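Below you'll find the structure, written out as structure tokens, and then a few comments.
Bear in mind the structure is a predicted one, so any value in this text is a computation, not a measurement.
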Amino acid sequence: MQYRLLPIFTFLNLALVATHAALPPEVYWKSVLPTTPMPKAITDILYPDWVEEKSTSVNVGKGGVNVHAKKGGGTNVNVGGKGGGVSVSTGHKGKPVYVSVGPNPFIYKYAATETQLHDDPNVAIFFLEKDLRPGTKLALHFTRSYNQATFLPRQVADSIPFSSNKVDDIFAKFSVKPGSEEAQIMKNTISECEEGGIKGEEKYCATSLESMVDFSTSKLGKNVEVVSTEVDKETGLQKYTVAPGVKKLAGDKAVVCHKQNYPYAVFYCHKTETTRAYSVPLEGANGIRVKAVAVCHTDTSEWNPKHLAFQVLKVKPGTVPVCHFLPEDHVVWVPK
């Protein structure tokens with residue numbers, strides 16, 4: 001599902017010209033976080049490709065969650081596959097089946113749909129913290145992210161409406177046809193951003209890198225580490241072994257930011273006090289190495305009892321820590 005970029009480019013290019021004097025996002029980062037390196041997930045999307053190549057198209061549906069049309073009508077949305085992200089299997093036999101994403105799996109108030117599980121409940125992005133140890137084997141499918149939506153300077157992003165009450169204005173600005181699949185994707189992203197979080201969760205949708213920095217540092221302070229999953233080479237589904245060197249990142253609180261489907265970079269960020277983040281070295285059966293980031297939620301008592309994680313792992317809310325690896329274009333902030 002692709003957006004035609006020319007109207008988007010025309011609108012945003014004029015906005016960028018009008019705000020050329022604004023502090024570049026990477027300069028703002030260095031001014032606030034002078035000793036914190038940017039993770040690859042952020043450096044990869046600092047600058048829009050259309051600054052160099054005006055004919056480039058923006059794909060809203062691809063990335064950690066991708067969207068493609070089914071034959072005969074309808075839409076299939078899934079984590080992993082061609083669009084990037086990660087699928088996890090606990091080592092079942094038979095043909096691998098990807099977990100479809102109806103509701104966003106990173107929003108824990110949502111119940112899973114029947115189609116998310118397909119016909120094999122073992123395939124998911126979720127696993128148990130007790131399995132996060134050297135020697136554990138998981139069937140994983142890491143792919144490079146194709147969600148090429150890039151950051152806008154805050155001054156530009158703040159000038160563009162981002163509200164369910166203004167969707168008609170938003171569609172007009174981006175020349176998106178109301179009622180189209182693109183329009184529905186954008187409406188879903190805005191709606192998810194506007195909904196309240198679960199108890200104990202502080203959430204915020206960052207429409208610029210600067211706003212992500214401000215939200216995250218307001219919750220964790222400025223002495224932070226920012227990490228993302230790094231995949232050297234795209235591979236198909238294969239066995240990965242958790243290698244020695246699993247590292248628990250400091251503290252039991254974190255801000256996790258999930259990239260959303262939108263014409264420019266928007267991140268759904270949420271902070272909880274019951275989160276443990278890990279850096280996890282993985283070695284693939286074909287020799288490929290992945291520097292993965294995993295997040296474990298130690299208190300899931302407020303999650304929807306029918307959330308995808310509970311159906312896949314066969315556990316109940318609030319009983320055991322629930323973990324998931326992060327797609328390549330998501331970001332974790334933790335105190336140093």
Side-chain angles (χ1 to χ4, degrees), residues 1-19 22 25 45-51 53-70 73-78 82-84 100-104 106-107 110 113 145-196 203-212 257-269 329:
M1 176 52 57
Q2 294 182 334
Y3 282 125
R4 296 184 181 276
L5 188 64
L6 187 56
I8 297 175
F9 168 79
T10 302
F11 170 73
L12 296 181
N13 191 47
L14 289 173
L16 286 172
V17 169
T19 60
I45 59 171
L46 273 179
Y47 294 104
D49 291 338
W50 42 262
V51 169
E53 178 55 68
K54 298 182 183 181
S55 63
T56 301
S57 63
V58 173
N59 190 306
V60 172
K62 294 180 179 178
V65 179
N66 64 38
V67 180
H68 58 86
K70 290 180 179 179
T75 302
N76 185 42
V77 189
N78 59 66
K82 294 181 179 180
S100 162
V101 174
N104 187 330
F106 302 113
I107 300 179
Y110 289 165
T113 63
S145 171
Y146 292 99
N147 185 341
Q148 298 299 316
T150 51
F151 282 115
L152 296 179
R154 174 157 51 189
Q155 194 170 344
V156 176
D158 287 351
S159 71
I160 303 172
F162 190 80
S163 166
S164 295
N165 295 328
K166 299 288 184 68
V167 291
D168 290 338
D169 293 342
I170 297 169
F171 295 157
K173 285 184 181 296
F174 292 111
S175 299
V176 172
K177 184 179 179 181
S180 66
E181 194 170 339
E182 295 97 328
Q184 189 59 50
I185 291 169
M186 294 173 69
K187 286 177 67 175
N188 288 347
T189 293
I190 294 171
S191 177
E192 289 175 354
C193 285
E194 291 178 338
E195 288 185 355
K203 56 171 284 191
Y204 173 75
C205 275
T207 58
S208 65
L209 178 58
E210 296 94 326
S211 61
M212 184 198 293
C257 295
H258 308 283
K259 196 176 186 191
Q260 302 298 99
N261 292 316
Y262 212 68
Y264 54 91
V266 172
F267 281 79
Y268 177 101
C269 298
D329 55 356

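When only modelled atom types and interatomic distance are considered, Ser164 and Glu194 share a side-chain donor-acceptor pair under 3.5 Å. Checking Asn188 against Glu192 by side-chain atom types alone, no donor-acceptor pair falls below 3.5 Å.
Within the 4.5 Å cutoff, the side chain of Thr207 has no heavy atoms near those of the Tyr262 side chain. Two residues are said to be in side-chain contact when any heavy atoms from C-beta on lie closer than 4.5 Å; Val266 and Tyr268 fail this criterion. Residues Phe174 and Met186 meet the side-chain proximity criterion, which asks for heavy atoms closer than 4.5 Å. At least one side-chain heavy atom of Glu195 sits under 4.5 Å from a side-chain heavy atom of Ser191. A heavy-atom distance below 4.5 Å is found between the side chains of Ile190 and Val167.
Of the inter-residue distances, the one linking Ile185 atom CD1 with Gln260 atom CD reads 12.0 Å to the nearest 0.5 angstrom. Atom CG of Asn261 and atom CD of Gln184 lie 12.0 Å apart (nearest 0.5 Å).
At distances below 3.5 Å, not a single donor-acceptor pair connects side-chain atoms of Lys173 with backbone N or O atoms of Pro161. No donor-acceptor pair under 3.5 Å is formed between the side chain of Ser211 and the backbone N or O of Ala206. Side-chain atoms of Glu210 come within 3.5 Å of backbone N or O of Arg154 as a donor-acceptor pair.
Taking the six-membered ring for Trp and thresholds of 30 and 60 degrees, Phe267 and Phe151 have nearly parallel ring planes, at less than 30 degrees apart.
Of all heavy-atom pairs spanning Val176 and Ser180, the tightest one is CG1-OG, 3.8 Å. In terms of heavy atoms, Cys257 sits closest to Met212 at SG-CG, 3.9 Å. Across Ala149 and Pro263, no two heavy atoms sit closer than the pair CB-O, 3.8 Å. The minimum heavy-atom distance linking Ile45 with Ala265 is given by the pair CD1-CB, 4.1 Å.
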Show your reasoning for whether side-chain contact (heavy atoms from CB on, under 4.5 Å) applies to Ile160 and Tyr264. CA-CA 11 Å; Ile160 303 172; Tyr264 54 91; 4.0 Å; yes
Test disulfide bond (SG atoms under 2.5 Å apart) on Cys269 and Cys205; report intermediate values, then the result. CA-CA 6 Å; Cys269 298; Cys205 275; over 6 Å; no
